[in-house]
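Excluded from the calculations below are hydrogen atoms, water molecules and symmetry mates; all remaining heavy atoms, backbone and side chain alike, are included. Numbering of ligands and ligand atoms starts at 1, following listing order.
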Amino acid sequence: MHSSSKPFLKDTTKSSGLHAGIRLNTSIVTKEYLEELWPLALKIAGALSEGLGLDRDYIEKSLGEGYQIAAFNYYPPSPEPDRTLGLAAHSDHGGVIILMENNVVGLQVKHNHKWVDVPHVPSSFVVNIGDYTEILSDGRYKSVEHRAVVNAKRTRISIGVSLGPEMTAIVAPAALLLDEESEMKYKPITYKDYMRFQQSKVMREGKSPLQALMSNNTSESV
Ligand SMILES: O=C(O)CCC(=O)C(=O)O
Ligand SMILES: [Fe+2]
């Protein structure tokens, strides 16, 4: 168990203005939840490392102290779900994101240029790959572009917990996966700077923050 993880709560129910008067009492339950999820996320990271032909603990070691971020999403019902978006298209900046939702569907992933509903499987998590894993794997794994839609009748709640590296970690493709430095698809950046860039107020569509890091990108760079 990783006892020194540093949970950082990003409670989007507070900032989104989507609700009035709801405050989650997050402190104790969240801490326990994050502590439980850390080893699970590491197990998944281990499988991802092995899938790349790297040592099982490669991604884990790359995280340093590591960083967990929890995002609480609250989507009230909308009488016009087709004209209301819950959460705009994006990919997550972390490595492995473990998502829990109440029994209401709403997550969609981009597949072959189309939005596909992710069905709700009771008593299960959805696990998404984030940008950190895409970059570390030099593009062998792709972070998933996703968004959330709202429901006409029911409130939807989701909690996403991201496993990422410590803020000062350099996010870059694993050297062992590269033949030559010049073949790197992504420019190295600290995790903190990447997060800041991704979360900045400028409207960024889908995976455009990640694309800005790509060495062959000429339109926008970080
Ligand atoms: O509500 C969902 O299913 C998605 C949430 C999400 O993508 C996020 O918090 O980054
Ligand atoms: Fe997300």
Problem set entry | Considering all heavy atoms, the nearest Gly139-Tyr186 contact | CA-OH, 3.4 Å

Problem set entry | Proximal atoms of ligand 1 relative to Tyr75 (non-hydrogen, under 4.0 Å) | 1 (O), 2 (C), 4 (C), 5 (C)

Exercise. Which part of Ile97 is near ligand 1, with near meaning a heavy atom under 4.0 Å away: side chain, backbone, both or neither?
Worked result: neither

Problem set entry | Atom NZ of Lys110 with >12 non-hydrogen neighbours under 6.0 angstrom | yes

Exercise. Does Leu107 offer a backbone N or O that forms a donor-acceptor pair with the side chain of His146 under 3.5 Å?
Worked result: no

Problem set entry | Element-labelled atoms of ligand 1 that are located less than 4.0 Å from some non-hydrogen atom of Asn73 | 5 (C), 8 (C), 9 (O)

Seminar exercise, completed: One checks the Fe ion (ligand 2) and counts protein N, O or S atoms under 2.8 Å, reaching 3

Exercise. Just one of Ile59, Leu42, Val127 clears the side chain to side chain contact (heavy atoms under 4.5 Å, CB included) bar with Val96, so which one?
Worked result: Val127

Exercise. Is any side-chain N of the basic residue among Lys207 and Glu145 closer than 4.0 Å to the acidic one's carboxylate O?
Worked result: no

For this session: Evaluate the ring planes of Tyr132 and Tyr191, with Trp represented by its six-membered ring, and classify them as parallel (under 30°), tilted (30 to 60°) or perpendicular (over 60°).
Result: perpendicular

Exercise. Side chain, backbone, both or neither: which part of Arg156 has a heavy atom under 4.0 Å from ligand 1?
Worked result: side chain

Problem set entry | Expected output: side-chain Glu166 to main-chain Glu65 donor-acceptor under 3.5 Å | yes

Exercise. Touching ligand 1 at all, His146? Heavy atoms, strictly under 4.0 Å?
Worked result: yes

Exercise. With distance as the sole test, does Arg140 use its side chain to make a donor-acceptor pair with the main-chain N or O of Leu177 at under 3.5 Å?
Worked result: yes

Exercise. Any donor and acceptor pair, going by atom type alone, linking the side chain of Asn151 with main-chain N or O of Lys153 inside 3.5 Å?
Worked result: yes

Seminar exercise, completed: Here the atoms of ligand 1 under 4.0 Å from any heavy atom belonging to Leu87 are 5 (C), 6 (C), 7 (O), 8 (C)

Exercise. Would Ser158 count as a contact of ligand 1 if the rule is a heavy atom under 4.0 Å away?
Worked result: yes

Exercise. Do other residues, nucleotides or ligands put more than 12 heavy atoms under 6.0 Å from Lys142 NZ?
Worked result: yes

Exercise. Can you find a non-hydrogen atom of His90 under 4.0 Å from ligand 1?
Worked result: yes

Exercise. Between Asp92 and ligand 1, which part of the residue brings a heavy atom under 4.0 Å of the ligand: side chain, backbone, both or neither?
Worked result: side chain

